[in-house]
Each structure stands twice: as C-alpha cells, then as structure tokens.
Amino acid sequence: MNKPLKQLLSVIKPIKVIGDVDKNITGVESDSRKAARGTLFVAVPGVTTDGHKYIPDVERAGATAIVCQRLPEHLSDSVTYVQVECSASALGFLASEWYDNPTRKLRLVGVTGTNGKTTTATLLYEMMRLMGYKTGLFSTVCNYVDTRAVAATQTTPDQITLNRLMHEMVEEGCEYAFMEVSSHAADQHRIDGLNFAGAIFSNLTRDHLDYHKTVDAYLKAKKRFFDILPSDAFALVNVDDKAGLVMLQNTAARKFTYSLRTDADFHCRILESRLNGTLLDINGREVETMFTGRFNAYNLLAVYAAACLLGFDKEQVLVDMSRLVPVAGRFQTFMSPKGYTAVIDYAHTPDALVNVLNSIREVVGSSGKVITVVGCGGNRDKGKRPIMAKEASKLSDRLILTSDNPRFEDPNDILNDMVAGLDTDDMKHTIRIADRREAIRTASQFACKGDVVLIAGKGHEDYQEICGVKHHFDDKEVVQSIFKEEK
C-alpha cells in the first residue's frame, strides 16, 4: 500500500515542513525497528524512551519522512521533516488516514472509568453479536475482530495497532466496535484521530497513581476523552459518581446520565440478588440477569443505555440482556463439592474490592463466612496496598494476604505494605501466605457449606509475573484442581 505524503499531512497541522512533500509513503511507523525505505516515521516521546533519539537510525534505514516535535540538529537531504506540537496526537490522525479512516465506517463506543470497563465493553460486544451484527472489541482480556481473537498486550492498543485492527474489522464486515479507553491511552493521545459514536463513564476511584501521581491528573486524563467527542456522539455518565458530571462539563456530545440512586435518563433498581443472578428494574421494566452485585447492576444499566442510544429497540435490548453471561474473571462463581462457593474476580483496587465483598455480603448475610484471598501487584501504586488490606479485613471473616504479580518486587515487601494497614484486631483473622496457590488451597480448607471464598486481583490473567518473567498461573485452574481433590 502506498499513499502520497501530501495526503497524509493534510490531516495534521504542522508547525514547519522541511523538504519535498510530493513523495509516496509505504508505511507509517512509530517503532524505529520497523522503519524502512519509504516509511513515514513518527517520533513519539514515551514513558520509558523517546522516539526522537532513534531519528538517526530511521534515517539510515531509508525513512522518507519524519514527524517530530523537535527537529534533529543535522538534517538529511533525502528526508522530509515535519515538526508538530504533539507527535503522539499526530500519530493517531496519520494512522487513521493511513488505514482509510476505519472509524468513519464503524460505530465506535469507548468505555472509561476505574472499574467496569471490561465488563461493559465486552457485554456490548456480546449483545451486538446476539442481535446478529458483526462486531469488534478492544479489551483488557482479549481483542476481537468479529469472532477472531487477537491477543491483548495492553488495555488500549497504540494508535497504529488500533487503526489496523479497526481496518480489519471493516474488511470483515463489522458495523460496531467497543473499546476500553484507559486513562493512559487518553493521556498519551492513543485515541486521537478516532471518530467515536459514544462514550461511557463508569466511575473514578484511586488507581494508576504510579503513573498519574495525583487523583486530579487521573480524572483529567479520563475527562480528556469526553472533551474530544464530536457533537453527534453521545456522552453517557454515571451520576452516582461525583466525577460523572465533571466528564460532561466541556463535551460537545449529547449528554445522558444513568443512576441507581437518583433521577437520571436511565435508572435501575435491584429487586432481588443472588450469587448466580440479579433481578433488576430498568426504567420500569423487569429483567432477570445472570450477574451479581450492585457494581454489575451499574455495568448492565450502562449496557442497556448505550444500546438504546445506538438506536436499538428497548424491549429487544432487555431480552438480549437476560441472555448475557459474566465476563471471564469478573465475579465468576464456582460451586465446590463441599458446598461452598468460590468467586474469582479481577478486583485490584480498593473500591472494586469493596464492591465485590459488599455484593457477597448482601447475598450471604449471616448464614455463611466470607474468606478472602487477595494480593497487590508489584511496581505499582504502593499507597493502595494498606487500603486494600484494611477494606478486605473489614468485610471478611477470614483474610489471606498473598502474592499477585510481584514483578520486580519482593512479595514479602508487598505483604508488609499491606499488613501496615491492619491493626491488632484485624490481624486476629488474617494470615499471610506468599505462595498464591497455597493461599487459595488454605482458603478452601477453611471453607464450609454456605461459605464464599473470594479470590481477588487476577481474574482473567493466566500468569504470575515474577522478576520480569511470566509464569503460567490461573486462579480458575487452581480452584478446579482443588475441587477435584474434594470429590
């Protein structure tokens, strides 16, 4: 595939152009290792490295043009240099143009928020497929080009990967696509150049402060997504979260709200809750679902509202909602031969953990014990570790602190940080077992008929990352292995 450089540059606003623009481009790249003769290379300042330092390498590789924020000291006569204010943003527009603007041919909806992104985006994908539409999905668990799975390496892919996959979705006949929009992606301009039909905001609680440093910066990253929406898109926010209305402050999109607690465009009440399902009232109509917990009621309400805003019949949406099943690693329940229930959930923030434990408590009441197995990831926000432990202790009858993905940290140092949030009374029902497999096995040994064992933090992940190496580890497989031994 070839495209004129002049055509590509028409979608961005250069500060300065040095060199001939009457050239053909054979590819757009931001990875210097992929640069070749005919390439348009975009030098992007990153978190760990700066693309500008690799400009000499791409010049030697034969790159035809270079887009950058800082012009190199020495210019090559064979290269066209394009200086821009923000090369990360320019990359989004260039990638979109290179792949024939796929989001003008898809109805793309993005989901952002601390918790609920994966469930909401995935259920919208599943609902469209139930309705007979070819659909694409970008999620933490996996990306899908209709039914074809594409491994996910980050919640929201880079600009080139996003547009390439959406181009493939268009080629496959997809009409809709749903995307988790992470705060990192919004902050790093990975969504720039995309044409969104709608955006959903779920909630905002403490997370990713290792990157954003402050909650305010984290909020602004989320808000940026809404600030760039076009006027024909919808902006749907949870107004039970105080950040919900903040998201709407500067958006040009059509504004809609959803709530479980107050008046909103889309309102929901929980009529009945069980470990394997919930009966909901949504805008005056009852629907039986296979999901548990107040947090899932929010997710389902967002799904219902988004489907309605996309123009689907309300009655059909409710019918298909009743057919949806939980997402891998999100409040997945398994019944033990001994009569207790194991719940596997991705909860890895204090708020998510509280939501899951409250949901379990609402169903179990005083008839059974809640035993929680939880850890915290290494090389991430250390401030949430004592908070996670304290919240888990308050809502659990027994608490086992264990390892998650220690990455490059000593698991025992992480456990020490968690224990720092507990007092003497908390420690009376808390033990620490660094080996996650042994921690889950110990929890199952504590459990009796009617109890619930919550295994939190990893959810869909099938690995543990230790000293930079990923080792196969799947909470679900461990639970199923223990169940076989119990028979």
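For Tyr125, the ring pair (Phe, Tyr, Trp, His ring centres under 6.0 Å) criterion is met by Tyr144, not counting sequence neighbours. Partners of His460 by ring pair (Phe, Tyr, Trp, His ring centres under 6.0 Å), not counting sequence neighbours, listed by chain and number: Tyr346. Ser139 meets the side chain to side chain donor-acceptor pair (under 3.5 Å) test with no other residue; sequence neighbours excluded. Under the rule for a ring pair (Phe, Tyr, Trp, His ring centres under 6.0 Å), the partners of Phe225 that lie at least two apart in sequence or sit in another chain are Phe196. Under the rule for a side-chain contact (heavy atoms from CB on, under 4.5 Å), the partners of Glu85 that lie at least two apart in sequence or sit in another chain are Ile15. Residues passing the side-chain contact (heavy atoms from CB on, under 4.5 Å) test with Lys16 are Ile18, Leu71, Gln83, sequence neighbours excluded. Partners of Tyr463 according to the ring pair (Phe, Tyr, Trp, His ring centres under 6.0 Å) rule, which considers only residues two or more places apart in sequence or in another chain, do not exist here. For Lys134, there are no side chain to side chain donor-acceptor pair (under 3.5 Å) partners two or more places apart in sequence or in a different chain.
Side-chain contact of Asn405 with Lys458: a donor-acceptor pair under 3.5 Å is present, judged by distance alone. In this structure, a donor-acceptor pair under 3.5 Å is absent between the side chains of Asn238 and Ser202. Counting only N and O atoms by type, the side chains of Asn296 and Arg330 include no donor and acceptor under 3.5 Å apart. Using modelled atom types and a 3.5 Å distance limit, the side chains of Glu97 and Asn101 yield a donor-acceptor pair. Side chain to side chain, Thr140 and Glu180 meet the donor-acceptor criterion of an N or O pair below 3.5 Å. Donor-acceptor pairing under 3.5 Å is recorded for the side chains of Glu477 and His472.
When side chains are defined from C-beta on, Phe41 counts as touching Ser32, because their heavy atoms get closer than 4.5 Å. The closest side-chain heavy-atom distance from Arg190 to Val181 is not below 4.5 Å. Here the side chains of Leu8 and Ile25 are in contact, with some heavy-atom distance below 4.5 Å. Taking 4.5 Å as the limit, some side-chain heavy atom of Leu162 sits within range of a side-chain heavy atom of Met179. Inter-residue side-chain proximity for Leu415 and Asp413 is flagged as unmet; no heavy-atom pair is nearer than 4.5 Å.
Among pairs with a residue in residues 225-235, those fulfilling side-chain hydrogen bond (donor to acceptor under 3.5 Å, both in side chains) read Lys223-Asp227, at least two apart in sequence or across chains. Sorted by first then second residue, the side-chain hydrogen bond (donor to acceptor under 3.5 Å, both in side chains) pairs that include residues 55-64, not counting sequence neighbours, are Asp57-Arg60, Glu59-Tyr81. Applying the salt bridge (Lys or Arg N to Asp or Glu O under 4.0 Å) rule to pairs touching residues 26-50 yields Asp31-Arg33, Asp50-Arg70, sequence neighbours excluded. Residue pairs satisfying the ring pair (Phe, Tyr, Trp, His ring centres under 6.0 Å) criterion with at least one member in residues 86-105, sequence neighbours excluded, are listed as follows: Tyr99-His167.
None of Lys384, Arg385, Lys382 except one satisfies the salt bridge (charged side-chain N to carboxylate O under 4.0 Å, His left out) rule with Asp417; the exception is Arg385.
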Practice prompt. Begin with the C-alpha distance, continue with both residues' side-chain angles, and end with the deciding distance and a verdict on side chain to side chain donor-acceptor pair (under 3.5 Å) for Asp351 and Asn115.
Written response: CA-CA 8 Å; Asp351 184 65; Asn115 303 310; 3.2 Å; yes
Worksheet item: When you look at Asp20 and Lys23, which way does the salt bridge (Lys or Arg N to Asp or Glu O under 4.0 Å) test go after all the steps?
Response: CA-CA 7 Å; Asp20 184 11; Lys23 299 177 176 180; 5.8 Å; no
Item to complete: Take Ser259 and Asp240 through the test side chain to side chain donor-acceptor pair (under 3.5 Å) and record every step on the way to the result.
Response: CA-CA 6 Å; Ser259 170; Asp240 290 345; 2.6 Å; yes
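Between Tyr133 and Tyr176, the ring centre distance stays below 6.0 Å.
A salt bridge does not link Arg380 with Asp404: none of the charged nitrogens is closer than 4.0 Å to a carboxylate oxygen. Note on Asp187 versus Arg224: no salt bridge recorded, every NZ/NE/NH1/NH2 to OD/OE distance being 4.0 Å or above. For the pair Glu168 and Arg148, the salt-bridge criterion is met [side-chain N within less than 4.0 Å of a carboxylate O].
Considering CG of Leu108 and CG of Asn195, their distance stands at 8.0 Å, rounded to 0.5 Å. For the atom pair OG1 of Thr372 and CG of Leu454, the computed distance is 5.0 Å after rounding to the nearest 0.5 Å. Between the CG atom of Leu194 and the CG atom of Asn163 there is a distance of 5.5 Å, given to the nearest 0.5 Å.
Within a 6.0 Å sphere centred on NE2 of His471, heavy atoms belonging to other residues, nucleotides or ligands number more than 12. The number of heavy atoms from other shown groups lying within 6.0 Å of NZ (Lys220) does not exceed 12.
By the 30° and 60° cut-offs, the orientation of the rings of Phe256 relative to Phe266 is tilted.
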